[in-house]
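Okay, structure first, notes after.
Because the structure is a prediction, the values reported are computed rather than measured.
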Amino acid sequence: MPAHESPAGPQGRPEDTFARQRPRLLGIAYGMLGSVTQAEGVVRYVRLRWQATDHALVADPRVYLTGATTRLSISLAQSARSRRESYIGPWLPEPLDTGDDAGTGAVRPEPVEFGVLLMLERLDLAERAAYVLRDRLASPYPEIAAVLGVDETHARHLVHSARQRLATGRGADPEGREDTVGRPHAGDDAEDYEAA
């Protein structure tokens with residue numbers, strides 16, 4: 001949806017705005033959580049929040065919905081990681097059923113390869129969110145920064161770091177490094193990263 005579109009959509013219906021964003025929101029949640037069931041739950045919850053929101057106060061519905069979905073997905077992913085710490089055996093993402101959903105009317109996110117989901121699980125959650133938003137959904141850096149509550153330079157750093165880790169097969173620090181949402185990195189320099 002273009003940034004200049006009115007918050008309530010062309011027909012003035014907030015539900016139309018949400019319906020247009022729903023596939024994107026599912027893509028964010030699925031990319032973050034690796035579970036279709038959890039992704040659909042996140043999107044249902046965001047829809048309820050959207051219905052209860054004063055839409056006149058929302059400057060950009062896409063950023064609002066993206067932010068709500070990303071933050072809730074990060075929260076669930078943190079909770080899931082702590083639960084998996086006591087689980088014996090490897091965690092595997094839930095593959096996306098790419099069968100025909102025409103009969104159910106379901107809108108599914110684009111499939112993410114199983115191996116990519118396993119690699120994304122090794123990133124810290126800020127990097128994972130930035131990567132999903134930028135590389136899977138082509139979100140602009142200012143939007144990523146707004147969603148994650150960081151400046152644009154930090155958003156670029158998170159995407160760059162995620163790409164490097166995925167390219168080299170390295171995951172987050174096994175020593176239990178905390179996720180870096182909202183924390184600046186010393187030495188961040190915008191010219192080290194791709195142009196917007």
Side-chain angles (χ1 to χ4, degrees), residues 23-39 42-43 62-63 66-67 69-85 87 89-98 108-196:
R24 185 172 192 276
L25 303 179
L26 275 170
I28 293 167
Y30 179 64
M32 290 293 300
L33 300 168
S35 165
V36 175
T37 305
Q38 288 182 334
V42 165
V43 172
R62 175 181 152 128
V63 172
T66 297
T69 302
T70 303
R71 285 187 297 275
L72 183 57
S73 296
I74 286 172
S75 177
L76 282 174
Q78 287 170 333
S79 173
R81 280 188 177 178
S82 65
R83 282 193 311 271
R84 284 197 298 268
E85 286 174 3
Y87 172 74
W91 173 84
L92 298 174
E94 175 185 321
L96 180 63
D97 179 8
T98 56
R108 296 284 195 184
E110 283 192 35
V112 178
E113 298 80 16
F114 191 76
V116 172
L117 285 172
L118 286 173
M119 289 298 293
L120 286 175
E121 179 64 21
R122 297 172 62 190
L123 299 176
D124 86 17
L125 295 175
E127 291 171 338
R128 187 172 183 169
Y131 177 84
V132 168
L133 289 169
R134 181 66 183 177
D135 283 16
R136 303 297 299 180
L137 300 167
S139 297
Y141 283 108
E143 181 179 321
I144 296 168
V147 165
L148 295 178
V150 299
D151 62 29
E152 191 173 332
T153 300
H154 189 121
R156 289 175 185 278
H157 170 78
L158 290 169
V159 172
H160 177 75
S161 177
R163 287 175 179 161
Q164 281 191 315
R165 289 177 192 278
L166 291 174
T168 61
R170 290 184 302 122
D173 183 354
E175 299 299 316
R177 176 173 58 110
E178 290 182 26
D179 291 310
T180 58
V181 174
R183 287 192 310 180
H185 287 266
D188 280 352
D189 190 349
E191 62 201 28
D192 290 341
Y193 312 114
E194 74 179 69

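Formation of a donor-acceptor pair under 3.5 Å by the R128 side chain with backbone atoms of L123 is not found in this model. S73 contributes a side-chain N or O that, together with a main-chain N or O of T69, makes up a donor-acceptor pair within less than 3.5 Å.
Taking every heavy atom of both residues into account, Y131 and V159 meet most closely at N-CG2, 4.5 Å. Nearest heavy-atom pair across A155 and I144 is CB-CG2, 3.9 Å. Of all heavy-atom pairs between G27 and V132, the closest is O-CG1, 4.1 Å. Closest approach of L125 and M32 over heavy atoms only: O-CE, 3.9 Å. A129 and L148 make their closest contact through CB-CD2, 3.8 Å (heavy atoms, listed as atom of the first residue, atom of the second, distance). Nearest heavy atoms, V63 versus A146: CG1-CB, 4.3 Å.
Within the structure, the salt bridge (charged side-chain N to carboxylate O under 4.0 Å, His left out) test picks out the following pairs touching residues 141-150 (sequence neighbours left out): R24-E143, R62-E143.
Remark: E127 CD to R163 CZ distance equals 12.5 Å, nearest 0.5 Å.
Residues satisfying the salt bridge (Lys or Arg N to Asp or Glu O under 4.0 Å) criterion with R71, sequence neighbours excluded, are absent altogether.
Counting heavy atoms from C-beta on, the side chains of V42 and I28 never come closer than 4.5 Å.
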